[in-house]
There are 2 protein chains.
Amino acid sequence: MQYVSEKNLGRLSLYRRLLNRLQAEGTRSIYSHELARMAGGTAAQVRRDLMAVGSVGSPKRGYNVRELIDRIGEFLDAPEGEGVALVGAGNLGRAIMAYFSGRRPKLSIVAAFDTDPSKVNRVIHGCRSYPVEEMEEVVRRDGLRVGIITVPAKEAQGVADMLVAAGVRGILNFAPTPLRVGPDVHVEDIDMTMSLEKVAFYARKHALEREPAK
Amino acid sequence: MQYVSEKNLGRLSLYRRLLNRLQAEGTRSIYSHELARMAGGTAAQVRRDLMAVGSVGSPKRGYNVRELIDRIGEFLDAPEGEGVALVGAGNLGRAIMAYFSGRRPKLSIVAAFDTDPSKVNRVIHGCRSYPVEEMEEVVRRDGLRVGIITVPAKEAQGVADMLVAAGVRGILNFAPTPLRVGPDVHVEDIDMTMSLEKVAFYARKHALEREPAK
DNA sequence: TAGATTGTTAATCGATTAACAATC
DNA sequence: TAGATTGTTAATCGATTAACAATC
């Protein structure tokens, strides 16, 4: 299995989703250019990405959909499944719990934490919530290696430190602030404010180009 | 004003937020390496990014915080402000409305749309909600150029087409599917499933490296 | 002045794209 | 076979990093 970059990895995740839809529709095989068209990339890129997971296509029939799904799964998924801890059961946190609820059996949020007494010791979207004081204990007990942070920016670094101390090695960070973690922890940021500002910038640019009246 | 890449743009957005915090704390000036440390980048990169918005620093005092905030604002923001339309007032959509509510006066969600009769003609987190049938009319009337899509994957493309037809030129897409739009429309994807799968992959990798028992 | 930082150019790096022999 | 696609290498592209004269 060769080196796979972070961008490769993201695209593999996308391909799998597209392939799952195709399989549900009864499609058995697919060519690189077809998958590229669906994913919004080039055929060469798709071939290179698929090569990385050891897939085998044939010039005549392209790639077997089921086999591709299996290969990507072997590469991406933990065979035994992966439990996720979510910290911050506010509006965004609860929406994310709802979003991931039942979507992937091998990757599901199994515990939520909050400081607000009204939000803990309950079941939210099928997930048990605990006071933050119990975080280290629960994360250790359940062997959770993945965390999601949906607390305000000011609290995010402290939460990250607690998660890492409890054994978490990957964090999906929704707090609009950079996190400092060690080299053995991976952080993925989802910065909605940054994304919206970028979109607004380009929207304005496109609108101005359209009517070049000065 | 020189060329600014998409990554540059995102970092400028982050710098501004960090600078706003510094200003609130009373900091007047800052060196590139200090800002780099906060943002998680290199000093040279910060200098190059700031150069792009025409900032002027001095070897003695570094950059003036207030001036930087102004320059980045002139570059990123629409002077008259920008209204945003959100389509899909489900769990995620409402959480996003709450998230952006009052956060940026110049970039705020001013209208939400949904097909569910129980979710329309109301005020959610300070934002009026309408039935989708009124989307084109409202978007045109208010001159909205930015849209946020938080509907299920199957409906996303149709919603995108409607938004673009009504005049939207930038879309923040939370639906886990690629959108096809013309070259004069910018799409930014926030794919939470992809991000979580990437985090899980690296978390597993780090955990396995830690205990190389085979 | 001496020393640290800025603005800017050159060198490096990595990912994407193009190209093409091998294959069905 | 002829034709389209795959697997894989070489060329291109763009962003990051390093370097350094100019500046305070």
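Lettering follows sequence order; numbering is per chain, from 1. For the numbers below, each heavy atom of this structure counts, side chains included, while hydrogens, waters and symmetry mates do not.
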Could you check whether B:Ser29 gets within reach of a base, just the sugar-phosphate, or nothing at all, counting any heavy atom under 4.0 Å?
-> nothing

Can A:Asp49 and A:Gln45 be said to form a side-chain hydrogen bond (donor to acceptor under 3.5 Å, both in side chains), step by step?
-> CA-CA 6 Å; A:Asp49 289 339; A:Gln45 193 169 63; 5.6 Å; no

Would B:Ile72 and B:Phe75 count as a side chain to side chain contact (heavy atoms under 4.5 Å, CB included) if you check the C-alpha gap in whole Å, the side-chain angles of each, and the deciding distance to 0.1 Å?
-> CA-CA 5 Å; B:Ile72 296 174; B:Phe75 183 77; 5.7 Å; no

Holding to side chain to side chain contact (heavy atoms under 4.5 Å, CB included), I want the full list of residues that pass it with [X], two or more places apart in sequence or in another chain.
X        : result
A:Pro178 : B:Leu14, B:Leu18
A:Val168 : A:Val139, A:Leu163, A:Ile171
A:Arg103 : A:Tyr99, B:Pro176, B:Thr193

For A:His33 and C:dT17, give me the distance from atom NE2 to atom P, rounded to whole Å.
->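 To the nearest whole Å, that distance equals 17 Å.
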
Report the relative orientation of the aromatic rings in B:His206 and B:Tyr202; use parallel for angles under 30°, tilted for 30 to 60°, perpendicular for over 60°.
->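 Geometry flag for B:Tyr202 against B:His206: tilted rings.
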
According to a 3.5 Å limit on both distances, what stems of 3 or more consecutive Watson-Crick or G-U pairs are formed with DNA chain D?
-> C:3-24 with D:3-24

B:Ser129 side chain to B:Ala112 backbone, donor-acceptor under 3.5 Å | no

Main-chain N/O of B:Pro152 paired with B:Glu155 side-chain donor or acceptor, under 3.5 Å |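 Flag not set: sc B:Glu155 to bb B:Pro152 has no pair under 3.5 Å.
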
So, for A:Ile124 and A:Met97, which heavy atoms are closest and what is the spacing to 0.1 Å?
->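 A:Ile124 and A:Met97 have their closest heavy atoms at O-SD, 4.0 Å.
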
Which of these passes salt bridge (charged side-chain N to carboxylate O under 4.0 Å, His left out) with A:Glu197: B:Arg104, B:Arg17, B:Arg11?
-> B:Arg104

Can a side chain N or O of A:Tyr63 be found less than 4.0 Å away from OP1 or OP2 on D:dG7?
->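 For D:dG7, OP1 or OP2 has a side-chain N or O of A:Tyr63 closer than 4.0 Å.
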
Does a nitrogen or oxygen in the side chain of A:Ser32 sit under 4.0 Å from OP1 or OP2 of D:dT5?
-> no

In the 5'-to-3' direction, what one-character label does each nucleotide of nucleotides 19-24 of chain D receive under the scheme B = base within less than 4.0 Å of a protein heavy atom, S = sugar-phosphate only, - = no such atom?
-> B---BS

Protein-nucleotides 11-16 of chain C N/O pairs closer than 3.5 Å?
residue : atom : partner : partner atom : Å
C:dT16  : OP1  : A:Arg11 : NH1          : 3.4

